[in-house]
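Everything on this sheet refers to the single structure shown next.
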Amino acid sequence: MNYFRILNCEHAVKDPMVCITNFEDLKIGRNKFRICDEFVGSENIKFFPKTAKSDGTPDDFLQNTEMVPIFSPRMRKAIEEAGITGIQYIPIEVEHYNKEKLEGYCIANVLNSVSDALDIDKTIFWNSRSDNGKFTVYIPSIKSEAISNMDIFRLKYDDRFATDYSRFIIVSEKFKSVIAKNKFTGIGFCKIKAD
């Protein structure tokens with residue numbers, strides 16, 4: 001089976017909207033949506049352009065400075081109709097610079113994580129080891145048999161790595177084909193080595 005890393009800001013609309021968020025005001029850490037934990041807050045999360053210049057047409061995979069995966073309503077619907085699971089959809093407020101609201105956007109909080117799927121011998125690491133002596137994955141290679149037919153997930157690392165979870169999201173051919181078929185904007189893919 002083929003797997004792909006999601007790339008943000010790819011195949012974007014002309015003059016895309018780029019948002020900031022109120023995470024800091026809400027005391028939500030920037031890695032909150034990278035750890036495959038269900039979000040239980042009732043906060044009023046907002047995404048909005050900082051300036052009129054960063055306002056534009058919103059992509060289906062909304063561009064934002066925190067690199068949080070945000071789906072448009074039509075992208076969420078297509079993913080759900082395809083039977084892709086393992087995502088918690090968190091309603092958010094998205095608005096243009098002039099305060100006009102965009103309805104239906106949500107954070108796609110990936111809940112699936114996979115341990116022991118990284119093929120250490122074939123993975124390329126960023127500068128070998130970080131300053132704290134731990135590995136940082138640059139180009140992963142994964143063992144397909146460890147995935148269990150998931151269509152979307154993050155890798156869970158052990159204590160040899162600089163982070164507990166991959167910063168990137170990995171998806172299946174099925175997920176990628178839903179995006180291609182519907183011509184969703186703001187998202188691209190890079191094939192991952194998999195045995």
If you measure from [atom1] on [X] to [atom2] on [Y], what distance do you get to the nearest 0.5 Å?
| X | Y | atom1 | atom2 | answer |
| --- | --- | --- | --- | --- |
| N112 | Q88 | CG | CD | 12.0 Å |
| K32 | I107 | NZ | CD1 | 11.0 Å |
| D158 | K134 | CG | NZ | 8.5 Å |
| K27 | N22 | NZ | CG | 11.5 Å |
| S141 | I120 | OG | CD1 | 10.0 Å |
| L26 | K46 | CG | NZ | 9.0 Å |

Kindly indicate whether the side chain of [X], heavy atoms from C-beta on, has any atom under 4.5 Å from the side chain of [Y].
| X | Y | result |
| --- | --- | --- |
| L62 | C19 | yes |
| C106 | I70 | no |
| T123 | V137 | yes |
| K77 | S72 | no |
| Y97 | M17 | no |
| R34 | M67 | yes |
| V68 | T21 | no |
| F47 | Y105 | no |

State, to 0.1 Å, how close [X] and [Y] come at their nearest heavy-atom pair, and which atoms those are.
| X | Y | result |
| --- | --- | --- |
| H11 | D59 | O-OD1, 4.4 Å |
| I20 | T65 | CA-OG1, 3.8 Å |
| P140 | I192 | O-CG2, 3.5 Å |
| T163 | Y157 | O-CD1, 3.3 Å |
| G56 | H96 | O-CE1, 3.2 Å |

key: Full working for side chain to side chain contact (heavy atoms under 4.5 Å, CB included) between F71 and F184   = CA-CA 10 Å; F71 291 4; F184 291 129; over 6 Å; no

ask   = With distance as the sole criterion, is a donor-acceptor pair present between the side chains of N44 and E93 under 3.5 Å?
value = yes

Audit row: I142, D119, side chain to side chain contact (heavy atoms under 4.5 Å, CB included) steps and yes/no = CA-CA 5 Å; I142 59 174; D119 187 332; over 6 Å; no

key: side chain to side chain contact (heavy atoms under 4.5 Å, CB included) between E10 and I187, intermediate numbers included   = CA-CA 5 Å; E10 296 283 321; I187 185 171; 5.9 Å; no

Does a sphere of radius 6.0 Å around [atom1] in [X] hold more than 12 heavy atoms from other residues, nucleotides or ligands, not counting ones at 6.0 Å or beyond?
| X | atom1 | answer |
| --- | --- | --- |
| D116 | CG | no |
| K193 | NZ | yes |
| E145 | CD | yes |

Please table the atom pairs, donor to acceptor, closer than 3.5 Å between any side-chain atom in residues 2-9 and protein atoms at least two apart or in another chain.
| residue | atom | partner | partner atom | Å |
| --- | --- | --- | --- | --- |
| N2 | OD1 | K191 | NZ | 3.3 |
| N2 | ND2 | E173 | OE1 | 3.2 |
| R5 | NH1 | Y138 | O | 3.4 |

query = When Ile, Leu, Val, Met, Phe, Trp and Tyr are grouped by side-chain heavy atoms lying under 4.5 Å apart, directly or through other members, which residues fall in the same group as I35?
reply = Y165

Can I get a per-line list of side-chain donor-acceptor pairs under 3.5 Å for residues 149-156, giving both atom names and the distance, sequence neighbours left out?
| residue | atom | partner | partner atom | Å |
| --- | --- | --- | --- | --- |
| D151 | OD1 | S172 | OG | 2.6 |
| R154 | NH1 | S166 | O | 3.1 |
| R154 | NH1 | R167 | O | 3.0 |
| R154 | NH2 | F33 | O | 3.2 |

task = Please state whether the rings of F125 and F161 are parallel, tilted or perpendicular, taking 30° and 60° as the class boundaries.
result =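 Because their plane-to-plane angle lies in the 30° to 60° range, the rings of F125 and F161 count as tilted.
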
query = I79 and side-chain contact (heavy atoms from CB on, under 4.5 Å): which partner among T85, V171, N182, I84?
reply = I84

request  = Decide yes or no on side chain to side chain contact (heavy atoms under 4.5 Å, CB included) for I87 and E80, but give the supporting numbers first.
outcome  = CA-CA 9 Å; I87 303 170; E80 288 180 319; over 6 Å; no

key: Salt-bridge criterion met for D195 and K122 (N-O under 4.0 Å)   = yes

